[in-house]
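What follows is a set of notes on a single structure, which appears directly below.
Numbered from 1 within each chain, the chains take letters A, B, ... in sequence-line order.
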There are 2 protein chains.
Amino acid sequence: MAKGEVTRKRILDIAQDAVLAKGFDATSIDEIVAGAEITKSGFFYHFRDKNALARAMIERHIEFEDQLFDDLSHRAAELADDPLQRALIWMKLLAELLDDMPGGHPGCVVATAVYQDRLFDQGVREANRRAVEGWRKRFRGMFAAAAAEYPPREAVDLDDLADALCAIIEGAIMISRAVGEPRVTARQVMTLRSYVKLLFSPKVS
Amino acid sequence: MAKGEVTRKRILDIAQDAVLAKGFDATSIDEIVAGAEITKSGFFYHFRDKNALARAMIERHIEFEDQLFDDLSHRAAELADDPLQRALIWMKLLAELLDDMPGGHPGCVVATAVYQDRLFDQGVREANRRAVEGWRKRFRGMFAAAAAEYPPREAVDLDDLADALCAIIEGAIMISRAVGEPRVTARQVMTLRSYVKLLFSPKVS
DNA sequence: CCCGAAACCACACCGTGGGTACAGCACCAT
DNA sequence: ATGGTGCTGTACCCACGGTGTGGTTTCGGG
């Protein structure tokens, strides 16, 4: 890795920690600069402004999370052939993962940016849109496979169901932070899992 | 109403308009001062800092929303005696209300504060915790009444179910803002409604 | 071994925004 | 007439994002 990329990565690492802990607005460039042991000029050499930093962070986060979700899918596929079972296992694995985070989910960079989106330019907003649409597509695929095998008991739009998973995760992170209960996020994933189970389980039990 | 209270209310009104339109951080005190036709000193006479303004706005918002939710409960109670039906009607009414907002839900003050630590102090965070706990209590009560009549098909913690409603609303607001689809919020309320319906409906259909 | 580009540093400076400090004035009630 | 309430006006401070310019180190390729 070239020297420039190392510094760039260090800046992103420092920034990510600070942003997840305190929010984007609360993280000053001076602070990042001090943490990464560079100068302000050095920072602006790598990122033309704070927007560029935000965009880079979001894109990196999407990449990381994609890999993590792919990993969960892979493990779920190993444990079951049935698409519904796979979806249920996937959600259980996610819940376990969330529960293992001692301080709760560190908070979503995307959500952070969404709630402060007036601070950011069009590029950041676009990055955010792509992130959410990526989740929607992924979750929809998972539920669509289940729906193909098991007719849902209630008429439900698959995009809505995918959004529900996304929404409940994001919402749970918010609640968990607001009330200071880290485990809320995992519990909410399990709550939605219970819905998926009910929705796709055969009518005659 | 005393002269001071009139001015105070005017400041809050102006601030609320600006904040709902552009977000809290994008709304400067100078701007509020200009809108309310007072001076900066006048502003700081009424609010010691921006935190005090935020706290006042959140408390006012909670009050407003409480009244709105009470109203929905009242209307639902008029339309049905059955607690499950009441809950379902309540959620439908909420969805309709959300759908009637042309630009989508303006965004939750509580959520923004969760993601901004420097901008808001401990007092604001406390107000937020109270808000979320208030929702939990309210929603739990609604679902508990339904659960008393109809044994849930799946084991579910009522606090979790209450949180799910709260989470899905907050999460949906985030998604709706990220992808620019105002109707997402209402659709998500309806999605959770479908869960509630399935969860509490009698086993033999 | 040297050159040139990439990767910084040092420093000075600007505008905006939150916030402070304090003196004073107008109005109203007692 | 007097004292509190509700402001105005002015001057000022600091943090932060951001710009600009000129200089210096580092390092790989010819």
Side-chain angles (χ1 to χ4, degrees), chain A residues 1-19 21-58 112-113 116-125, chain B residues 1-19 21-58 109 112-113 115-125:
Chain A
M1 186 153 48
K3 197 191 169 197
E5 279 183 51
V6 175
T7 307
R8 196 187 145 91
K9 188 182 173 300
R10 199 167 68 245
I11 294 174
L12 282 171
D13 286 339
I14 297 282
Q16 191 162 12
D17 283 350
V19 167
K22 313 185 301 172
F24 199 85
D25 183 63
T27 305
S28 71
I29 293 178
D30 285 339
E31 183 188 342
I32 296 167
V33 155
E37 289 177 320
I38 50 167
T39 61
K40 216 171 171 183
S41 312
F43 174 87
F44 283 105
Y45 174 80
H46 288 285
F47 303 96
R48 70 188 324 242
D49 56 21
K50 226 184 173 188
N51 282 300
L53 175 70
R55 213 154 48 234
M57 284 177 64
I58 292 169
T112 307
Q116 297 170 48
D117 67 350
R118 266 83 187 181
L119 270 175
F120 303 114
D121 63 9
Q122 197 57 39
V124 177
R125 271 183 288 245
Chain B
M1 189 154 45
K3 197 190 171 197
E5 280 184 53
V6 175
T7 308
R8 195 187 145 89
K9 188 182 174 299
R10 198 167 70 245
I11 294 173
L12 281 171
D13 287 338
I14 297 282
Q16 190 161 13
D17 283 351
V19 167
K22 312 186 300 173
F24 195 84
D25 45 306
T27 304
S28 71
I29 294 178
D30 285 341
E31 184 187 341
I32 296 167
V33 155
E37 288 176 321
I38 51 166
T39 61
K40 215 172 169 182
S41 313
F43 174 86
F44 284 105
Y45 174 80
H46 287 285
F47 303 96
R48 70 189 327 240
D49 55 21
K50 227 185 171 185
N51 281 301
L53 176 70
R55 213 155 47 235
M57 285 176 69
I58 290 170
V109 208
T112 57
Y115 284 103
Q116 292 177 307
D117 264 22
R118 191 202 60 185
L119 212 48
F120 303 109
D121 65 8
Q122 196 58 39
V124 177
R125 275 185 288 250

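Residues that satisfy the side-chain contact (heavy atoms from CB on, under 4.5 Å) test with B:A56, not counting sequence neighbours, are B:R8, B:L12, B:F47. A search for salt bridge (charged side-chain N to carboxylate O under 4.0 Å, His left out) contacts involving A:R55 returns A:D121, not counting sequence neighbours. Every residue was checked against the salt bridge (charged side-chain N to carboxylate O under 4.0 Å, His left out) condition with B:D17, not counting sequence neighbours, and none meets it.
Applying the 4.0 Å criterion to OP1 and OP2 of C:dA7, one finds that A:H46 has every side-chain N and O outside that range. Taking only side-chain nitrogens and oxygens, A:T7 comes nearer than 4.0 Å to OP1 or OP2 of C:dC8.
Between the CZ atom of B:F47 and the P atom of D:dG6 there is a distance of 13 Å, rounded to whole Å. In this structure, the CZ atom of A:R10 is 11 Å from the C1' atom of C:dC8, given to the nearest Å. Spacing between atom CD1 of A:I11 and atom P of C:dA7 amounts to 11 Å, rounded to whole angstrom units. Rounding to whole angstrom units, OH of residue A:Y45 and P of C:dA6 are separated by 7 Å.
Across all their heavy atoms, B:E31 and B:A18 have their closest contact at OE2-CB, 4.0 Å. Residues B:A15 and B:I32 share a closest heavy-atom pair of CB-CD1, 4.0 Å. Considering all non-hydrogen atoms of both residues, A:I14 and A:G35 come closest at CD1-O, 3.6 Å. Scanning all heavy atoms of the two residues, the minimum distance from A:F120 to A:R125 falls at O-NH2, 3.4 Å.
A heavy atom lying under 4.0 Å from DNA chain D marks the following residues of residues 31-38 of chain B, by number: B:I38.
B:G42 comes within contact range of at least one nucleobase, with a heavy-atom separation under 4.0 Å.
Residue pairs meeting the side-chain hydrogen bond (donor to acceptor under 3.5 Å, both in side chains) criterion with at least one member in residues 36-52 of chain A, sequence neighbours excluded, do not occur.
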Would you list the protein and nucleotides 24-30 of chain C atom pairs, both N or O, that sit under 3.5 Å from each other?
none

Close N or O pairs between protein and nucleotides 16-19 of chain C (under 3.5 Å):
from	atom 1	to	atom 2	distance (Å)
C:dG18	OP1	B:K50	NZ	3.0
C:dG18	OP2	B:I29	N	2.9
C:dG18	N7	B:K40	NZ	3.3
C:dG19	OP2	B:K50	N	2.9
C:dG19	N7	B:K40	NZ	3.0
C:dG19	O6	B:K40	NZ	3.2

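Expressed to the nearest 0.5 Å, how far CZ of A:F24 lies from CD1 of A:I58 amounts to 8.0 Å. Distance check, rounded to the nearest 0.5 Å: OG1 of A:T7 to CD1 of A:I38 gives 7.0 Å. Atom CG in B:D13 sits 10.0 Å away from atom CE in B:M57 (nearest 0.5 Å).
Between the side chain of B:T39 and the base of D:dG9, no donor-acceptor pair under 3.5 Å is found.
Helix bend of the helix from C:dC1-D:dG30 to C:dT30-D:dA1: the angle between its two end axes, each built from five pairs, comes to 10° after rounding to 10°.
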